[in-house]
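These notes concern the structure reproduced below.
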Amino acid sequence: MLDAKLLRSNLDTVAAKLKTRGFMLDTQAIQSLEAQRKDFQVAAQTLQAERNAKSKGIGKAKASGEDIAPLLAEVASLGDKLKEAEEASQDVQAKIENIYAGIPNLPHASTPIGGGEEDNVEVRKWGTPGDFDFEPKDHVELAEAKGWFDNEAAVKIASARFSVLKGPMAKLQRALTQFMLDMHSDAGFEEVYVPFIVNQESLRGTGQLPKFEADLYKISKNDEHDTNDRDLYLIPTGEVPVTNIYRDDIIDVNDLPIKMTSHTPCFRSEAGSYGRDTKGLIRQHQFEKVEMVQLSKPEDSAQALEDLTLQAESILQKLGLPYRVMALCTGDIGFSASKTNDLEVWLPGQQAYREISSISLFEDFQARRLKTRYRIGQDKPQLVHTLNGSGLAVGRTLVAVLENYQQADGSIVVPDALQPYLGGVTKL
RNA sequence: GGUGACGUGGCCGAGAGGCUGAAGGCGCUCCCCUGCUAAGGGAGUAUUGGCUUUAAACCCAAUCGAGAGUUCGAAUCUCUCCGUCACCGCCA
């Protein structure tokens, strides 16, 4: 959520910045609603003050034994008027809230301007796509030939876009997960274990709700009496539970930056992606991810984004997987993001770079919703800046290892960094 | 799941319709006193919004787990929900 004060005072500047990311701000609607809000709020508060004063008078009169009947008569109509004013005020505020909740973050000054994916900017490239003296296969072919990948079983158990991994492939996924967690721990990230089911407040905090309900799996409680808003959701990313650890908290400045890492499954409905990446592990309803989350001081956050990017890159480098870093343009960054770097790994099976990590700076956009603040000494609390990034998407890393380390005979060489996690095995 | 107790500031803890944004204590900050240490004295110490402003103070409103209700007036009474604790049941 953007700062309401900023929206009031610099509406046109905000609108211009949002336009670069393809969002048209209805400035007229906001202006007129804000004007109404002011009127209604002042009116309601004036009535409240009046009521408070008179009620206090009644209390005193009663205490000193005076007749309070005339005073009561005086206040008689106040209640209704107050109720009306309060409702009008709340009404407008709800409308404003609604509009504000749907406004995306302002792009960072360093985010390239552009309309869509094609305008993203390559920042750097690492490694060289391997030279195969045979036709490289894609991961599905490789894994199926070994009996490591059972799509039919997954469909039988659940539905399309789920997988059953077997034997060495399942172990390789576990090895990758542990490898990543160890790397991040060594770099000073605290490992955390979190709930994979979250409430609505958490999803609002990180910005998935109210706008992106369709992408989420909602869990109904199976209780016909339960008519309130206690619905729970499967997490679409570890970002949600991990960032929400500090919701409503005020952090001592000496405890910043806070750096956390967590391994979680992620659940996405992938509504609207029919027909894309239908084969294999690239796009699943359930996948594993190791996430990094960082809370930082505002003045450190831009650097923190670069640091997180390098941290994610270090995983790919240790694994020897060629990749490139893309700075997403204004038209392609996510709703809550101010700036995003994507890591794209080379997949020989597709002869293409594919997204394997997304690292984003949210500035105070999430923190405002989360009410995550920090305090210097006795000063007033200020909003922190939040960041997160995949480090990495484990399923896609698994794909990348299979495809980049395949041999002509269909076997897979185990990257050096992973061998300790597989009992020293060098080839699968 | 059942029964009972309970959610008050950074923490502990009083309050049980009005004089309570909230006694008292601890902690913390500043000042005084003090050879050192220990002790003592004084002042301050929540958040959000409105208004004003260069900024702040002042002023006003809201907040005693959350929401709704009763009342001229709610931390206090009623209802719903969430959570904590104890005992019982079940369970990896």
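Note that these values count all heavy atoms, side chains included, but never hydrogens, waters or copies made by symmetry. A, B, ... follow the sequence lines: proteins, then strands. Residue 1 opens every chain.
For B:A5, the paired base is B:U84 (Watson-Crick or G-U wobble, both distances below 3.5 Å). Pairing partner, B:C91: none, since no Watson-Crick or wobble contact has both distances short of 3.5 Å. Pairing for B:A43 goes to B:U29, judged as Watson-Crick or G-U wobble with the two contacts each under 3.5 Å. Look at B:G21: it lacks any Watson-Crick or wobble partner with both distances under 3.5 angstrom. Nucleotide B:U76: unpaired (no Watson-Crick or G-U wobble partner with both distances less than 3.5 Å). Pairing for B:C64 is absent, with no Watson-Crick or G-U wobble pair whose two atom distances lie under 3.5 Å. When both pairing distances are held under 3.5 Å, B:C59 makes a Watson-Crick or G-U pair with B:G50. B:U70: no Watson-Crick or G-U partner with both key distances under 3.5 Å is found in any strand.
As rounded to the nearest Å, B:C51 and B:A56 have C1' atoms that lie 14 Å from one another. Here, B:C77 and B:A86 have their P atoms 25 Å apart, quoted to the whole Å. To the nearest whole angstrom, the two P atoms, one in B:G65 and one in B:C6, are 14 Å apart. To the nearest whole angstrom, the two P atoms, one in B:G13 and one in B:A68, are 29 Å apart. For the P atoms, the distance linking B:A16 with B:A75 amounts to 13 Å, nearest Å. B:C28 and B:G18 have their C1' atoms separated by 34 Å, with the value rounded to a whole Å. Annotation: B:U78 and B:G4 have their P atoms spaced 15 Å apart (nearest Å). Spacing between B:C19 and B:U76 at atom C1', rounded to whole Å, works out to 16 Å.
As judged by a 4.0 angstrom heavy-atom cut-off over every strand, A:R368 is placed among residues making no nucleic acid contact.
Regarding contacts with the backbone of B:C51, a side-chain N or O of A:K38 is found under 4.0 angstrom from either OP1 or OP2. Between A:R375 and B:U45 there is no side-chain polar atom (N or O) within less than 4.0 angstrom of OP1 or OP2.
Under 4.0 Å is where a charged nitrogen must lie from a carboxylate oxygen, and between A:D150 and A:K166 at least one such pair does. Using a 4.0 Å cut-off between charged side-chain N and carboxylate O, A:R354 and A:D277 make a salt bridge. Ion pairing between A:E86 and A:K83 fails under the 4.0 Å rule for side-chain N and carboxylate O. Salt bridge A:K54/A:E50: present, at least one basic N to carboxylate O contact under 4.0 Å.
Two residues, A:K380 and A:I58, neighbour RNA chain B, and the one matched to the more 5' nucleotide by heavy-atom proximity is A:K380. Where A:L72 and A:R373 meet RNA chain B, the nucleotide closest to each residue was compared, and A:R373 sits on the side nearer the 5' end.
Side-chain N/O atoms of A:E403 and A:H139 include a donor and acceptor closer than 3.5 Å. A:N341 and A:T309 form a side-chain donor-acceptor contact under 3.5 Å, judged by distance and modelled atom types alone. Of the N and O atoms on the side chains of A:Q208 and A:E213, not one donor lies less than 3.5 Å from an acceptor on the other residue.
A 6.0 Å sphere centred on NZ of A:K211 holds more than 12 heavy atoms belonging to other residues, nucleotides or ligands.
Put simply, CD on A:Q382 is 15 Å from C1' on B:U47, counting in whole angstrom units. Across the protein-nucleic acid pair, A:D248 atom CG and B:C82 atom C1' stand 14 Å apart, rounded to whole Å. Between A:D249 atom CG and B:A46 atom P the separation is 19 Å, expressed in whole Å. Residue A:N254 contributes atom CG, which lies 16 Å from atom P of B:C28 at whole-angstrom precision. What separates CG of A:D231 from P of B:C81 is a distance of 16 Å, to the nearest Å. In this entry the distance linking CD of A:Q200 with P of B:C82 reads 14 Å, nearest Å. To the nearest angstrom, P of B:C72 lies 13 Å from CG of A:L82. In this structure, the CG atom of A:D255 is 14 Å from the C1' atom of B:G10, given to the nearest Å.
With hydrogens and angles ignored, no donor-acceptor pair under 3.5 angstrom links the side chain of A:K56 to the base of B:G18.
Ring pair A:H285/A:F162 is tilted by interplanar angle, where 30° to 60° counts as tilted.
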_Walk along nucleotides 54-70 of chain B from 5' to 3' and tag each nucleotide B, S or - by protein heavy-atom contact under 4.0 Å, base first, then sugar-phosphate._
------BSS-------S
